[in-house]
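Worksheet: one structure, shown below.
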Amino acid sequence: MARRTKGLGFALLLLLFGSSLAWSEARTRQATPALLESSVGLSNSRYELIAQEDTLFCFEGQLSVLINPGCFVTQNPPQPGDCTSTSGHFFVQYFFPDVAVPQVLEGFGFLSNDGDTVFPSAGVLQLDVDNQGFVRFPTATELANLPITNIDTPGDTSVVFVDLRPEDIVIQPGDNKALVICLQFPEGGQLTAETVGPAIAAEADPPDQDCDFFTVDGGASGTWFAPFYDPGDPQSDPLEWGFVVQTTVAAEKISWTQVKKLYHTP
């Protein structure tokens with residue numbers, strides 16, 4: 001389950017449990033398990049989350065692997081798991097915030113592998129939690145109309161920040177809604193090594209928070225996939241995409257320096 005930290009300043013956060021605010025017990029609808037066929041490790045585990053007031057994230061420790069949706073073997077529709085991305089590939093991640101005062105969504109950040117990568121689109125959806133405690137997956141139309149386009153990577157293994165302030169997304173107290181982070185991958189790039197090919201950093205250590213999903217056809221088939229994880233199977237990993245969401249209680253501008261401080265990069 002995604003976690004929210006508050007009041008930690010810039011203290012280093014490693015495997016922190018028990019300090020999050022209350023979270024909804026909402027769940028996504030069932031997704032098809034997909035096996036990670038290939039991945040690339042970071043040369044050293046230097047990327048660690050820096051907890052800042054008013055941040056949301058799903059991972060707890062170090063970001064150690066680089067992946068894109070094409071790294072998974074899937075069926076119906078099938079793909080080989082060769083780490084070649086297409087424009088139909090989207091990563092999404094679910095958050096269920098419980099705020100005491102209205103929060104404005106500033107945007108979200110992640111670590112991108114290759115300085116030549118331009119992500120076609122990104123955005124955040126607010127989806128209702130139904131009366132059974134479930135949240136649907138994004139539709140093909142919603143994914144095709146994400147508001148931020150042509151997101152450039154400033155350099156190899158560098159932080160990308162998707163600025164969502166113009167969208168005026170507000171998280172209200174008592175809102176029974178999920179925040180769904182959406183990132184589209186480019187057509188035809190293949191992840192072959194660190195700094196080579198489109199990928200983002202992820203965590204591959206337990207526990208598995210079950211907030212991460214992807215589609216291989218832009219949501220057209222309605223079929224969504226989740227990373228396969230079985231604690232008894234050494235071939236599976238408890239993956240969490242390395243997204244960090246930034247919010248604020250006031251309409252303050254967030255600086256590039258503040259964004260980079262979300263990650264420890266010596």
Side-chain angles (χ1 to χ4, degrees), residues 2 4-6 49-58 85 87-112 115-129 135-155 158-187 198 200-201 211-215 218-219 241-263:
R4 176 187 180 85
T5 64
K6 189 171 179 64
L49 182 65
I50 299 296
Q52 180 175 319
E53 185 172 356
D54 300 320
T55 55
L56 305 171
F57 50 91
C58 246
S85 68
S87 59
H89 281 141
F90 289 78
F91 269 160
V92 303
Q93 192 170 69
Y94 281 69
F95 295 92
F96 301 97
D98 181 9
V99 298
V101 297
Q103 295 277 334
V104 177
L105 181 62
E106 298 276 350
F108 68 92
F110 58 93
L111 287 165
S112 179
D116 291 331
T117 299
V118 177
F119 294 92
S121 68
V124 173
L125 303 174
Q126 287 182 301
L127 301 182
D128 291 329
V129 179
V135 184
R136 64 175 175 83
F137 290 111
T139 66
T141 299
E142 288 168 331
L143 293 178
N145 289 282
L146 295 176
I148 311 303
T149 58
N150 299 320
I151 302 111
D152 193 24
T153 300
S158 61
V159 176
V160 174
F161 185 71
V162 179
D163 187 353
L164 290 166
R165 288 172 297 174
E167 300 308 304
D168 195 26
I169 299 171
V170 179
I171 308 167
Q172 295 286 357
D175 252 359
N176 200 23
K177 294 179 181 291
L179 282 182
V180 186
I181 311 304
C182 305
L183 178 67
Q184 182 184 18
F185 280 75
E187 182 70 31
I200 71 169
C211 16
D212 310 280
F213 304 92
F214 66 95
T215 177
W241 321 146
F243 293 131
V244 176
V245 179
Q246 178 73 39
T247 68
T248 183
V249 295
E252 299 171 353
K253 292 185 177 180
I254 185 169
S255 71
W256 179 242
T257 299
Q258 286 175 295
V259 172
K260 292 200 292 185
K261 283 181 178 180
L262 293 173
Y263 301 90

Problem set entry | Side-chain touch Thr215/His89, heavy atoms, less than 4.5 angstrom | no
Exercise. With side chains defined as the heavy atoms from C-beta onward, is the minimum distance between Thr153 and Ser158 less than 4.5 Å?
Worked result: yes
Exercise. Quick one: does Asn145's side chain have a donor or acceptor within less than 3.5 Å of a partner on Thr141's backbone?
Worked result: yes
Exercise. Which heavy-atom pair separates Ile148 from Leu164 by the least distance, and what is that distance?
Worked result: CG1-CD2, 3.6 Å
Exercise. For the residue pair Val124 and Ile169, what are the closest heavy atoms and their distance?
Worked result: O-CD1, 3.9 Å
Problem set entry | Separation of Leu146 CG from Glu167 CD (nearest 0.5 Å) | 10.0 Å
For this session: Please report the shortest heavy-atom distance between Asp175 and Val170, naming the atom on each side.
Result: OD2-O, 4.5 Å
Exercise. What distance separates Leu125 CG from Tyr94 OH, expressed to the nearest 0.5 Å?
Worked result: 8.0 Å
Exercise. To the nearest 0.5 Å, what is the distance between CZ (Phe137) and SG (Cys182)?
Worked result: 11.5 Å
Exercise. What is the distance from atom CG of Leu179 to atom OG1 of Thr247, rounded to the nearest 0.5 Å?
Worked result: 9.0 Å
Exercise. Any donor-acceptor pair under 3.5 Å linking the side chain of Gln93 with the backbone of Ile181?
Worked result: no
Exercise. Can Leu183 and Trp241 be said to form a side-chain contact (heavy atoms from CB on, under 4.5 Å), step by step?
Worked result: CA-CA 11 Å; Leu183 178 67; Trp241 321 146; over 6 Å; no
Problem set entry | Check: Ser87 and Pro186 side chains under 4.5 Å, non-hydrogen atoms | no
Exercise. After noting the C-alpha distance and the side-chain angles of Gln103 and Val249, does the key distance pass the side-chain contact (heavy atoms from CB on, under 4.5 Å) rule?
Worked result: CA-CA 5 Å; Gln103 295 277 334; Val249 295; 2.9 Å; yes
Exercise. Any side-chain heavy atom of Phe91 sitting closer than 4.5 Å to one from Asp212?
Worked result: no
Exercise. Which value, rounded to the nearest 0.5 Å, describes the distance between Phe243 atom CZ and Phe57 atom CZ?
Worked result: 15.5 Å
For this session: Determine whether Val101 and Val99 make a side-chain contact, defined as any pair of heavy atoms from C-beta on separated by less than 4.5 Å.
Result: no
Exercise. Taking side chain as C-beta onward, heavy atoms only, is Ser121 less than 4.5 Å from Phe90?
Worked result: yes
Exercise. Side chains of Glu142 and Leu127: does their closest heavy-atom pair fall under 4.5 Å?
Worked result: yes
Seminar exercise, completed: Tightest non-hydrogen contact, residues Pro173 and Ala100, listed as CG-O, 3.6 Å
Exercise. Between Leu105, Thr55, Asp54, which is the residue that forms a side-chain contact (heavy atoms from CB on, under 4.5 Å) with Val245?
Worked result: Leu105
For this session: Might you point out which heavy atoms bring Gly218 and Leu143 nearest each other, and give the distance in Å?
Result: O-CD1, 3.5 Å
Exercise. Out of curiosity, Ile151 CD1 to Phe110 CZ, how far, rounded to the nearest 0.5 Å?
Worked result: 6.5 Å
Exercise. Between Phe119 and Phe185, is the gap from one ring center to the other below 6.0 Å?
Worked result: yes
Exercise. Of all heavy-atom pairs between Val129 and Ala178, which one has the smallest distance, and what is that distance?
Worked result: CG2-N, 4.3 Å
